[in-house]
Amino acid sequence: MAEYGTPPEVDRVAASRAAVAARRARAAVKAAISAGERNPLDVLRVAGEDPASVEGGIRVTEYLTSIPSIGVTKMHRFMDELGISPAKRLGGLGRHQRRRLRGFLTDRLAAQTGRHNRLVVLAGPTAVGKGTVAGHIRTHYPDVLLSVSATTRAPRPGETEGVSYYFVDDAEFDRLIEAGELLEWATVHNAHRYGTPRGPVEEALASGRSVLLEIDIQGARKVRRAMPEASLVFLLPPSWEELVRRLIGRATEDGPEQQRRLETAKVELAAIDEFDFEVVNTDVSTAAQEVVDLMQTRKPKR
Ligand SMILES: Nc1ncnc2c1ncn2[C@@H]1O[C@H](COP(=O)(O)OP(=O)(O)OP(=O)(O)O)[C@@H](O)[C@H]1O
Ligand SMILES: Nc1nc2c(ncn2[C@@H]2O[C@H](COP(=O)(O)O)[C@@H](O)[C@H]2O)c(=O)[nH]1
């Protein structure tokens with residue numbers, strides 16, 4: 001039977017039905033954005049992760065005009081400013097275009113709600129200095145809440161319960177997950193579980209305080225899903241050699257664990273395009289200042 005194939009008109013009917021279904025699905029997403037039922041930043045995230053998705057098929061022009069308060073005239077101006085061709089679909093944007101569009105919308109939504117990048121996620125490869133930069137912020141910028149994570153790993157010498165981490169056993173970590181008490185959690189370096197307690201973060205944000213999460217990249221992705229308006233900052237080392245030097249110099253892991261972490265670091269560095277901002281940690285206080293600048297109520301530098 002195979003040599004007979006499908007009659008061309010059957011193919012045409014199937015293709016036109018699929019096109020109608022896709023058009024309807026795109027219209028439904030746009031209607032949900034207009035009605036405020038879907039966060040435009042989340043739609044952009046889905047399109048970036050899967051260009052073949054319904055979200056990926058929406059034209060940028062239609063996407064912008066589905067956002068309340070953006071009419072056709074403003075849309076054309078924004079497209080010019082962002083350097084995006086009117087023919088582009090969300091799933092076809094280059095990484096710089098997607099970042100520019102995301103930054104533009106984050107600032108715009110923040111200006112409308114009066115809330116500016118209050119939740120900042122600091123992530124990056126092992127030993128780049130996330131903990132050091134976050135600690136500097138805790139000491140020098142007391143207005144910022146540095147979230148204290150729960151972890152199943154054992155305390156290291158000098159670490160304090162409730163300041164460094166909440167050190168819990170597996171049963172308690174399971175309970176936290178089941179009770180919905182974690183905003184995100186992940187198994188890091190294939191070893192221990194780490195999670196962000198939801199309560200303190202939500203309370204601080206509700207009271208207008210800025211919050212900093214120092215977490216791994218899987219966690220950053222989960223926060224992006226849960227809170228699309230969060231700003232994701234990727235902390236970079238000045239060089240790969242310096243990263244290795246910092247990991248070995250810290251001497252908190254044995255040789256095989258250092259090797260495992262460096263393998264993970266290579267994968268993590270490849271995720272940089274998913275982030276809104278990059279900060280190079282050459283000098284701790286300069287890097288900390290750059291991160292804090294992203295939380296200020298003025299328009300941040302992108
Ligand atoms: N700007 C810097 N210049 C030189 N050394 C630094 C700098 N920032 C951090 N370090 C050092 O690098 C080492 C790693 O830093 P830190 O433990 O903060 O990294 P991390 O990113 O939190 O690591 P992990 O993800 O593995 O927990 C530490 O010894 C720290 O003192
Ligand atoms: N997803 C999450 N990752 C977290 C959290 N708290 C810390 N971390 C990350 O774990 C590694 C290892 O930390 P270490 O203290 O054992 O060296 C590091 O990359 C942290 O950023 C969290 O709540 N969620």
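Everything numeric in this text was worked out from a predicted model, so none of it was measured. In listed order, ligands and their atoms are each counted from 1.
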Relative to the heavy atoms of [X], which atoms of ligand 2 are at a distance of less than 4.0 Å?
X    : answer
Y165 : 6 (N), 7 (C), 13 (O), 14 (P), 15 (O)
V188 : 3 (N), 10 (O), 11 (C)
A186 : 1 (N)

Starting from [atom], find the nearest protein heavy-atom neighbour and note its residue, name and distance.
atom                    : result
atom 29 (O) of ligand 1 : R250 CB, 3.8 Å
atom 19 (O) of ligand 1 : G129 N, 3.2 Å
atom 2 (C) of ligand 1  : R246 NH2, 3.3 Å
atom 26 (O) of ligand 1 : T126 OG1, 2.6 Å
atom 24 (N) of ligand 2 : E184 OE2, 2.7 Å
atom 14 (C) of ligand 1 : A127 O, 3.5 Å
atom 9 (C) of ligand 1  : T132 OG1, 3.5 Å
atom 22 (O) of ligand 1 : G131 N, 2.8 Å

Going by an N to O cut-off under 4.0 Å, is there a salt bridge joining [X] and [Y]?
X    : Y    : answer
E49  : R225 : yes
E229 : R118 : no
D50  : R45  : no
R246 : E242 : yes

| task | Determine the interplanar angle of the F173 and W185 rings, folded into 0 to 90°, and report it as parallel if under 30°, tilted if 30 to 60°, perpendicular if over 60°. | result | perpendicular
Taking the inter-plane angle between the rings of Y194 and H192 on a 0 to 90° scale, is it parallel (under 30°), tilted (30 to 60°) or perpendicular (over 60°)?
perpendicular
Note: L235, heavy atoms under 4.0 Å from ligand 1, region reported as neither
A student checking ligand 1 against T282 at a 4.0 Å heavy-atom cut-off should list atoms 1 (N), 2 (C), 3 (N)
Quick note on ligand 1: atoms under 4.0 Å from a heavy atom of V284 include exactly 1 (N), 2 (C), 7 (C), 8 (N)
Could you say whether the N/O atoms of K130 and ligand 1 ever approach to under 3.5 Å?
yes
message = Pairs of nitrogen or oxygen atoms closer than 3.5 Å, one from N281 and one from ligand 1: do any exist?
response = yes
Open item on the list: With nothing but distance in play, are any N or O atoms of H189 less than 3.5 Å from an N or O of ligand 2?
Closed with: no
*asked:* For ligand 2, which is the ligand I care about here, please tell me if R250 has any N or O atom under 3.5 Å from one of the ligand's N or O atoms.
replied: no
Open item on the list: Is there a side chain to side chain donor-acceptor pair (under 3.5 Å) between R250 and T252? Walk through the geometry before answering.
Closed with: CA-CA 6 Å; R250 184 172 68 181; T252 43; 2.9 Å; yes
Sequence neighbours excluded, the answer for side chain to side chain contact (heavy atoms under 4.5 Å, CB included) partners of R260 is E257
*Answer yes or no for T196: is there a heavy-atom contact with ligand 2 below 4.0 Å?*
yes
Note: heavy atom closest to atom 17 (O) of ligand 2, options Q218, R153, R156, R193, belongs to R156
